[in-house]
Amino acid sequence: MSIENVIIIGSGPAGFTAGIYTARAQLNPLLITGNEIGGQVAITYEVENYPGFPEGLSGPELVERFQKQAERFGTRIEYDYVSAVNFKVYPFVIETQSGQTYQAKSVIIATGATPRKLRVPGEEELTGRGVSYCATCDGFFFRGKEVVVVGGGDSAMEEAIFLTRFATKVTVIHRRDTLRASKILQQRAFSNEKITFLWNTIVTEIKAGPDGAVNAVTIKDVKTGETRDFPTQGVFIFIGHDPNSAIFEGQLEMKDGYIVTDRYMHTSVPGVFAAGEIQDNHFRQVATSVGQGTMAAMEAEKFLAALAASSDTGPLPMPAMPEAVPA
Ligand code: NAP
């Protein structure tokens, strides 16, 4: 088995950017996509705040451009899912769902995060039958119907606005009486005639009608404690994200499920870098993930250059901790 210079895990903005940079650095990177190519941006209807595209562009189109650019410089793309890693041996070992085993001198983790679940009765059973986490994917099926959106952040507002293209009425259910979303999105949502708000309200159950599809949510006013059923045909949930980090448990230092990195994108294991939402639960922008992918790639390049300078022949030594970097 040949030893890869660098394996990039994940195909969101951070992963593809790491591909572009490491490929241009002649490192012949291998990028393993994961199940959803492009990650969260691939299911974003429109990206308006990524510099260089003044008119905005669709999430899928941006992903396509990222991928094309990474491939143009020679990034090899494997459509596979990493099922296990071993960072306790060197070269590092990476196993995939399709049964492949790879060895790598360095790894860039860019596995991102996935939409958080409400964890209420009915949610799991009715996913795909009225419950959705992706307005871009499923909005079309709700033409002429009434839907609810759960959450008060940017995603909830953006997707609620998008859903008004199809639904006759969109009710935003938010657990507080103020939104977390940016002012511009708040204004757009407030001025949209099809959007109404239920404040201080949580969803406690999602119910199905005789046809097995969603026909109501049970809601609770958190101030009065009053509970009632609210008829709806669709439930779109946008309440944040959970990092895709399960396979790194016990291998790397983590905090609240996120991989801990220093400001140079170094993880607790020398030679393993992380970029994007897997290590950043604060900024979570395409632009910041792209920046972090760039940093991780540049650091991987430096790491490999130092390794090449220090090891002549024979088996690769476990790399030493890099010099302490200022936090
Ligand atoms: P978010 O900002 O974390 O907002 C999550 C929302 O869901 C909050 O309003 C939160 O309520 C609510 N929530 C969380 N857990 C809940 C629960 N169990 N039950 C009910 N409600 C719950 O997540 P996001 O909207 O997905 O955004 C993530 C990041 O991406 C943010 O940094 C955002 O700025 C960014 N983003 C940017 C854009 C854009 O710039 N166009 C678009 C999308 C996302 P509380 O407010 O009470 O905490």
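As the structure lists them, so they are numbered: ligands from 1, and atoms in each ligand from 1.
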Original post:
What do we get for His174 next to ligand 1 when only non-hydrogen atoms under 4.0 Å count, side chain, backbone, both or neither?
Top reply: side chain
**OP:** Specify the protein heavy atom at minimum distance from atom 10 (C) of ligand 1: its residue, its atom name, and the distance to 0.1 Å.
**Re:** Arg175 NH2, 3.8 Å
**OP:** Measure from NZ or CZ of Lys117 to the centre of the six-membered ring of Tyr133 and say whether it is under 6.0 Å with the direction within 45° of the ring axis.
**Re:** yes
Subject >> Atoms in ligand 1 flagged as close to Phe283, the criterion being non-hydrogen separation under 4.0 Å >> reply: 32 (O)
Original post:
Which part of Ile202 is near ligand 1, with near meaning a heavy atom under 4.0 Å away: side chain, backbone, both or neither?
Top reply: neither
**OP:** Each residue besides Tyr81 in its hydrophobic cluster should be listed here, by chain and number; the cluster joins Ile, Leu, Val, Met, Phe, Trp and Tyr at side-chain heavy-atom distances under 4.5 Å.
**Re:** none
Subject >> Among Ser182, Gly153, Ser155, closest by any non-hydrogen atom to atom 24 (P) of ligand 1 >> reply: Ser155
Subject >> Check against side-chain contact (heavy atoms from CB on, under 4.5 Å), Val107 and Val6 >> reply: CA-CA 5 Å; Val107 175; Val6 54; over 6 Å; no
**OP:** Would you check if the distance from the ring center of His266 to the ring center of Phe273 is below 6.0 Å?
**Re:** yes
Original post:
Which pairs with one or both residues in residues 98-135 pass disulfide (SG to SG under 2.5 Å), sequence neighbours excluded?
Top reply: Cys134-Cys137
Subject >> Neighbour count above 12 (heavy atom, 6.0 Å) for Arg72 CZ >> reply: no
Original post:
Can you list the ligand 1 atoms lying under 4.0 Å from a non-hydrogen atom of Leu118?
Top reply: 19 (N)
Original post:
Can you check whether Ala156 has an N/O within less than 3.5 Å of an N/O in ligand 1?
Top reply: no
Subject >> Subset of ligand 1 atoms that lie under 4.0 Å from at least one heavy atom of Gln285 >> reply: 34 (O), 35 (C), 36 (N), 37 (C), 40 (O)
Original post:
What atoms of ligand 1 come closer than 4.0 angstrom to any heavy atom of Arg176?
Top reply: 45 (P), 46 (O), 47 (O)
**OP:** Output the list of atoms in ligand 1 that are nearer than 4.0 Å to some heavy atom of Phe238, sorted by atom number.
**Re:** 7 (O)
Subject >> Exercise: do Glu277 and Gln40 side chains pair donor with acceptor under 3.5 Å >> reply: yes
**OP:** Give the ring-plane orientation class for Tyr90 versus Phe92, where under 30° counts as parallel, over 60° as perpendicular and anything between as tilted.
**Re:** perpendicular
**OP:** Please say whether Arg116 places an N or O atom under 3.5 Å from an N or O atom belonging to ligand 1.
**Re:** no
Original post:
How are the rings of Phe162 and Phe166 set to each other: parallel, tilted or perpendicular (split at 30° and 60°)?
Top reply: perpendicular
Original post:
Identify the closest protein heavy atom to atom 2 (O) of ligand 1: which residue and atom is it, and at what distance?
Top reply: Arg180 CD, 3.4 Å
Original post:
What atoms of ligand 1 come within less than 4.0 Å of a heavy atom belonging to Asn49?
Top reply: 39 (C), 40 (O), 41 (N)
Original post:
Is there a heavy atom of Met157 sitting under 4.0 angstrom from any atom of ligand 1?
Top reply: no
Subject >> Closest to atom 14 (C) of ligand 1 (judged by heavy-atom distance), picking from Val120, Asp154, Ile239 >> reply: Ile239
